[in-house]
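Sequence lines set the chain letters: A, B, ... in the order given, protein chains first and strands last, and positions in each chain run from 1. The basis for the numbers below is simple: all heavy atoms, side chains too, and nothing from hydrogens, waters or symmetry mates.
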Amino acid sequence: MRYRFVLWLMVLLAPSALAESGYQAVEALMESPASLQGRFEQVKHLASLDTEIQSSGRFAYEQDVEISWHTQVPIESLLRLTPNQITSEQDGTLLSQLETRSNPVVELFSEIFFGVMTARWDRLDKHFSAETHVSGSDWRATLIPREARVKRVISRVELQGDRNLRQVLLYEEGGDWTRIQFHDLQQ
Amino acid sequence: MITSRAGSKVAAWGWLLVVLALGFGALRQGTVIDTSLMALLPASEQQPLIQKATEKQAAAYTDKLLLVISAEDEALARAGVRLAVERLKALDTQTRLTWQAPESDAELAELYPYRFTLLSDETRKRLSTDNGSVQFQLALQRLLNPISGFANEPLQDPFGLYTDLMVSLQSGLPIRFDSGLLRLSASDKPAYLLSLQLLEDPFSLSVQHAVTAVLDPLMLELEQQGISLQRSGLLLHAAAGADQARSEMSTIGLGSVLGIILLITFVFRSALPLALVLLPVATGALVAMAATQLLFGRIHMITVAFGAGLVGVAVDYALHFLCEARVLPSHETARKLFAGLLLGLISSVLAYAGLALAPFPGLRQMALFCAVGLIAAWLTVLLWLPVLNRQKATGPLSAAVWLDRWRKACPQISQSPWLAGLLLILGLGSTVVIWQGSARDDVTLLQTSPPALLQEDRNVQSLLGNGSSAAFLLVTGSDLEQVLQTEERIHSALISLQNKSSLQGFKALSQVLPSQQRQMQNGLQVRALYASQWPRLADLLKLSPQQRATALDNMQRATAAVLTPDEWRQQRLSGAWSQHIISDDTDVATVIQLQGDVSGSLKQALTALAEQEPAVYFVDRMSDMTDLLAGYRTEITYWLLLAYGCVILMLVLRYRQHCWRILLPPLLASLITLAGFLLFNGGYNLFNLIALMLVLGIGLDMGIFLNETGDSDHTWLAVSLSALSSLLAFGLLTLSQTPVLYHFGVIILPGLLLTWLLAPLMRNPSTGEIVNGRVTGTL
């Protein structure tokens, strides 16, 4: 399940400079800022319950230093990533702390994540094949996992954007999906 | 004389029959050669389960070959992996290669039904504090954050306990998956792991050849591209050992054999004496091996190596015979030498047989080997040499005359007070040095691999998080449940050692398979979690009454799902843990592996931990080995002192006030040599002491013969030849790269040389004049 976050973050940041094959056209359209922040709105569809859970909050990242994902509605919760750690906090209380160095899942997550942030797009290309459509300043990309390990957790990713990434759609094999939209982006 | 000749022929044939019978008997039984150092441990100290566990841990190292390919650049390192995989295909029949990440972690999915009973430590902690509210908050956060963990199964595992379990099971792994390859996280440079499972014995020379024939060129090829290849595995050390043995055999071995051949042929100007000299030694070694085999049922490599060396003392017997035979008829030679030979034999056999008193099986074997070998060699000289040596007495050898002249020129200690004083000071000084010297029973003595290869091995193992100390905890019990409960009891102590940062980590079976008692407790904790937190979560998920009922049903089932050891063994995951479970007919034990290096203070802490729990043992193979070496060294020290004591007693009985002439050369030589070695090396060990035994043996023979034959010039030639040939045979081992052989040779070389140089200084001035071998002096 953590994979999903890994992949989600990959696609969140990926399109800004996917240099290989299908990514070049998109890369040309996008900016890759050293820091970025903004608002997000997320809808998660749970197939087994046939229900949707909505949430929203703020996110921010600084290249090579930290990424924070701060959910504000319906509850307050903060997720923070550094190259060494992933921590979960709620109202200032630490809920969990995972070291990237000692766990391959967390490590993979962090490695790809920060690889993307520092514009090492070859790493992403390793895990996904991409199909892109560009019309004017808008673009759309569909990412398909190359590895079975990845596919077992996520079957498909759809991205939309212009100079920045605007929407992410994640599909799982079980039928669940998550849609995230970004607003008010500031560098 | 005719009857005596016929008699000696009968005796010779009789002895041949005995030798053949013994050899045949041993052959029929089949020779079993031990190489395991554990076989040398005293029997009482070895608990069967500990030994089994040790063997099982070692086996993991024995049949695996690990390769680490690294480079400055990732792409380059990956290209190196692909090249290696291509080249290693040639070894498909001897090895099985693993180099790719598994397609999925489906093995872990087998634990899904037990997600509520196999809880990770962190989860247990969260559930036991504040009614599990932290777990509830975490679950909420997972629901809202992109890290969810239960989106797939909100009715099966709403609190994400399975996710927690998976994360905890995969933490502490040294490997991560990088584009399908196994990447080592601990390496600063990009490094990938390849593992070769050997399907055949790593000691088999053909396997070693096949593997090195692929690895060596591969290493060169990679090196040219700037890629480094590091290796770890017993096979490499076995191959390096075999290589070194081969190369030393062809340099040192050949050198000493050539030297001895040249020496003997130069002195006797004929080839037959060489065969006659080697025959008793070879017969002695053979009979000794056969007897050891028959009595012990097996024979240890170390016994053969050192035993054969000690039997080499018997070269004296043959040399005396041959030298005297130059000036006396054969049958008279035997008669004349009989007293000296018998005394020499008794002193040596007594000395070596003392070893049998030691409680170490290795020393007992060696004692038997030496005693039997010497007696056999002695019999061979007395029974076969008179028959085989057809050379008539052909007058004195020029070498004897020349050597005797040199000897006569030496000052005599009894007539030169300053020389006596000098030797006294040297002897006392040496004694002081030895008294203050300490032993160094370093386990590296037993390592035969080149330091570079050992370092390479250590690098690989440390990347995998394994320490070099090979220590572990063994938890014993009557069944697995009991053992797992004990593991859980000491768990917190280990965690606290880990937090004090002295212990890097540990791997215990109870981390994946908790005891059933613990699993039931876990189930109860999860029920409590549902009781206090589930209604809130269900409200948040807006679940229908029916969905809530389904979720509770699922919970009831899963909290009752206990993973039994039998079910565990059916799971694929258990394969990776088979190394941890040790069992024999009555008892079961598990191994708790310790990660990282085990420091001295940690050892103490672990020993203390084991002392508190009677079912827990701290097994430290390295210090076991060091203790083993120290134990053997102490025994040999006592024995050496005992041997000197017995020898002095015997010499006093036979030679009265002249006994110092025989005793002092080997004693002084030993003292000076050991003191010198201590000054340069800082510590002595077992193998130095075994070498001192040989110095004593040869030195005693030298003195006894010189005295028994009235210091004749041919006796002096014989003892000189004997000392020189021993010098060539063992002294050249000083040049060996193998620590054991080096430490043997480095004492023999100066020890024997000094003994030989000191002997003329101690000679009896009243004797030594001979006419045609007839002694004119008296004892």
Side-chain angles (χ1 to χ4, degrees), chain A residues 1-2 4-9 12 42 44-49 51 53 55 57 69 71 73-75 77-79 86 88-91 93-96 98-109 111 122-123 126-127 146-149 151-153 168 170 172-176 178 180, chain B residues 74-75 78 101-106 109 122-123 126 133-157 160 162-164 166-180 182-183 185-186 465 505 540-544 547 550:
Chain A
M1 318 306 137
R2 261 162 232 280
R4 226 172 60 172
F5 186 43
V6 176
L7 300 167
W8 176 81
L9 283 161
L12 166 68
Q42 175 185 294
K44 189 178 271 187
H45 175 79
L46 303 176
S48 58
L49 303 181
T51 190
I53 300 170
S55 59
W69 185 261
T71 304
V73 177
I75 56 155
S77 112
L78 175 63
L79 182 80
I86 300 173
S88 303
E89 290 170 39
Q90 189 164 27
D91 301 324
T93 317
L94 187 70
L95 296 182
S96 88
L98 299 168
E99 306 294 324
T100 53
R101 213 52 176 158
S102 61
N103 193 309
V105 181
V106 184
E107 165 93 42
L108 177 76
F109 168 78
E111 187 220 350
D122 54 325
R123 283 175 186 272
K126 233 158 57 182
H127 296 286
R146 294 187 200 273
E147 291 172 64
R149 307 174 54 83
K151 197 175 280 172
R152 209 165 58 82
V153 186
V168 176
L170 302 163
E172 288 172 51
E173 278 186 330
D176 289 1
T178 307
I180 302 159
Chain B
E74 269 176 28
R78 274 187 228 129
E103 278 287 290
S104 67
D105 30 52
E122 293 77 23
T123 311
R126 280 197 290 268
S133 65
V134 174
Q135 190 71 35
F136 167 76
Q137 284 169 338
L138 204 57
L140 260 190
Q141 200 184 45
R142 281 177 181 153
L143 182 67
L144 297 168
N145 282 342
I147 290 184
S148 45
F150 67 93
N152 288 326
E153 309 279 2
L155 299 183
Q156 303 278 357
D157 185 15
Y162 181 65
T163 305
D164 284 342
M166 291 302 101
V167 168
S168 106
L169 284 181
Q170 293 191 53
S171 74
L173 294 183
I175 290 166
R176 63 178 204 251
F177 308 122
D178 177 12
S179 44
L182 308 170
R183 182 165 177 163
S185 323
L540 217 127
L541 287 166
K542 300 176 203 131
L543 296 187
S544 68
Q547 284 170 327
T550 311

What I'd like to find out is whether the side chain of B:L541 reaches to under 4.5 Å of the side chain of A:I53, using heavy atoms alone.
yes
Heavy-atom proximity to chain A below 4.5 Å, by part of B:L540:
neither
Heavy-atom distances under 4.5 Å only: say whether B:Q547 touches chain A with side chain, backbone, both or neither.
side chain
Begin with the C-alpha distance, continue with both residues' side-chain angles, and end with the deciding distance and a verdict on side-chain contact (heavy atoms from CB on, under 4.5 Å) for A:S77 and B:L140.
CA-CA 9 Å; A:S77 112; B:L140 260 190; over 6 Å; no
Has B:Q141 got a side-chain atom pairing as donor or acceptor with A:E89's backbone, closer than 3.5 angstrom?
yes
To the nearest 0.5 Å, what is the distance between CG on A:L49 and CG on B:L155?
5.0 Å
